[in-house]
Chemist: 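The structure's right below; bear with me while I get my questions together.
We name chains A, B, ... by the order of the sequence lines, and we start the count at 1 in each one.
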Protein chains: 2
Amino acid sequence: MEEIRKDNTEEKILEAARTVFTKKGMDGARMQEIADEAGINKALLHYYFRSKQKLFEAIFSHVFKQIFPDIRSFIQAQKPIEEKIKIFSARYMELLMLNPYLPAFLLRELQRDPEFLASVIKSQGVNPGELLTMLKAEMGSGQIKNMDPRELLINLLSLIIFPVAAGPLLQIMFFGDDPDAYNEFLTRRKETIATFILHSILVK
Amino acid sequence: MEEIRKDNTEEKILEAARTVFTKKGMDGARMQEIADEAGINKALLHYYFRSKQKLFEAIFSHVFKQIFPDIRSFIQAQKPIEEKIKIFSARYMELLMLNPYLPAFLLRELQRDPEFLASVIKSQGVNPGELLTMLKAEMGSGQIKNMDPRELLINLLSLIIFPVAAGPLLQIMFFGDDPDAYNEFLTRRKETIATFILHSILVK
DNA sequence: AATAAATTTAACTATTTGGTTAAATTTTGA
DNA sequence: TCAAAATTTAACCAAATAGTTAAATTTATT
């Protein structure tokens, strides 16, 4: 059936575009390079996606969904706050370690075109309200210290995302330019982030 | 004297280039736009800086020095660790709030060309060794909990840099797209970052 | 005033790049 | 086998852009 074939080619293109776009950004990416990476020619690339912009938007939305996944999928409401934070940071770190280019790509593009970002956020229905409410509840029940829940969540995201986004820099400055040493560090972080945060916020 | 005049124009160019490059990145920046921003024409721009690459390298090094300033200048060795961390995060936050485009610019470009980054780091003699040694000493004397000092320093940098780098995103997602609310948040952070960290690492 | 340097003007080159086109070929489903 | 869809080939166009050039003009130095 054409559909399978079409899906395959479309998949190949999207995968290739993701690779090139996340590494080089919208401005640095070349349609020819995406075609090469997908193992097709430029004519076919435009046959599937009319323009670079269209292709970019498809990639951006996709990547955005990836990096703001459905939080409910990895937070179980009934678990204690310790578990929630441990699981959240471990899962998120794993996600980023599999896609190390995503954070810096997102940060770069959202600076280039904040309006587009806003439209994606709206259309995607990203809403941290639920998470914030949950944190607020934990504070109300005295499990963790009282503070602006946004601050706590942003701290958590900072500790998870920044070390991946700044990977090349940290690797050189702190790990003797050794990718293995850096990756071991990231792996350890899956646990140490939660520890670090919990030490700070748990009411003892 | 020509020197003063030359300096003025060169300064104007560097300032303009900094503005355009940090906002749009190497790939997105246009020489014409830099010339316009500097209030000169393209011919003169090339008269001062032979190529876009040369100009970019000048900017990158400059920006890099800014964002990795001489740490000794704002950490006094004799103060207790609480003070050191408070002052460090407050000063660093102030620096970034005055230059909000720097973090995302750095992250973007270091991903585009890690080799160039490495050469800049070497030539600039950036070396966190001193800071790490200081932290290790504080741990040895029982002031703060024992941990990998790199982890502590990276946590500190994460909490400071990420919320600025992800500014446009956070502003939309957490602050109702209100720049004032977001900026107040950043201002509060000058203190809350230190509090958050100290709660986590101080030996009570 | 004379000279040299800084700056502008404006046209131009060469290259890159996104995108198109049309014809040929291959693949696929009916 | 036939028709439609997918893919390739190869040439092409138009726009953007980095960089150049040379002459004219302005500004500063002596």
Chemist: Grab the NZ-P distance between Lys52(A) and dA14(D) for me, whole Å please.
Modeler: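 Going from NZ in Lys52(A) over to P in dA14(D) covers 21 Å.
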
Chemist: Separation of Gln53(B) atom CD from dT17(D) atom P, in whole Å?
Modeler: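 Answer to the nearest Å: 18 Å.
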
Chemist: Just how far, in rounded Å, is P of dT17(D) from CG of Leu55(B)?
Modeler: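 Answer to the nearest Å: 16 Å.
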
Chemist: For residues 160-169 of chain A, which side-chain N or O atoms pair as donor and acceptor with protein atoms under 3.5 Å away, sequence neighbours left out?
Modeler:
none

Chemist: Donor-acceptor pairs are to be reported for all side-chain atoms of residues 95-108 of chain A against protein atoms at under 3.5 Å, with residues two or more places apart or in another chain.
Modeler:
| from | atom 1 | to | atom 2 | distance (Å) |
| --- | --- | --- | --- | --- |
| Asn99(A) | OD1 | Arg18(A) | NH2 | 2.7 |
| Asn99(A) | ND2 | Leu95(A) | O | 2.9 |
| Arg108(A) | NH1 | Lys24(A) | O | 3.3 |
| Arg108(A) | NH2 | Thr22(A) | O | 3.1 |
| Arg108(A) | NH2 | Gln111(B) | OE1 | 2.9 |

Chemist: Would you say Thr9(A) places a side-chain N or O within less than 4.0 Å of OP1 or OP2 belonging to dT7(D)?
Modeler: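 So the side-chain polar atoms of Thr9(A) do come within 4.0 Å of the phosphate oxygens OP1 or OP2 of dT7(D), strictly under.
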
Chemist: Can you give each donor-acceptor pair under 3.5 Å made by side-chain atoms of residues 115-126 of chain B, sequence neighbours left out, with the distance rounded to 0.1 Å?
Modeler:
| from | atom 1 | to | atom 2 | distance (Å) |
| --- | --- | --- | --- | --- |
| Ser119(B) | OG | Phe116(B) | O | 2.7 |
| Ser123(B) | OG | Ser119(B) | O | 3.4 |
| Ser123(B) | OG | Val120(B) | O | 3.2 |

Chemist: Please tell me which of the listed nucleotides, dG19(D), dA6(D), dA6(C), lies nearest to the side chain of Tyr47(B)?
Modeler: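 The listed nucleotide nearest to Tyr47(B)'s side chain is dA6(C).
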
Chemist: Which donor-acceptor pairs under 3.5 Å do the side chains of residues 36-45 of chain A make with protein atoms, sequence neighbours left out?
Modeler:
| from | atom 1 | to | atom 2 | distance (Å) |
| --- | --- | --- | --- | --- |
| Asp36(A) | OD1 | Gln32(A) | NE2 | 3.0 |
| Asn41(A) | OD1 | Ala43(A) | N | 3.4 |
| Asn41(A) | OD1 | Leu44(A) | N | 2.9 |

Chemist: The criterion is ring pair (Phe, Tyr, Trp, His ring centres under 6.0 Å); which residues satisfy it with Phe49(A), sequence neighbours excluded?
Modeler: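 By the ring pair (Phe, Tyr, Trp, His ring centres under 6.0 Å) rule, Phe49(A) matches no residue at all.
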
Chemist: How many Å lie between CG on Asn8(B) and P on dA5(C), as a whole number?
Modeler: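 Between P of dA5(C) and CG of Asn8(B): 19 Å.
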
Chemist: Shortest non-hydrogen contact from Met173(A) to Pro128(B)?
Modeler: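 Met173(A) and Pro128(B) have their closest heavy atoms at O-CG, 3.7 Å.
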
Chemist: Please give me every residue in residues 22-46 of chain B whose heavy atoms get under 4.0 Å of an atom in DNA chain D, ordered by residue number.
Modeler: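 Of all residues in residues 22-46 of chain B, the ones placing a heavy atom under 4.0 Å from DNA chain D are Ala29(B), Arg30(B), Met31(B), Lys42(B), Ala43(B), His46(B).
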
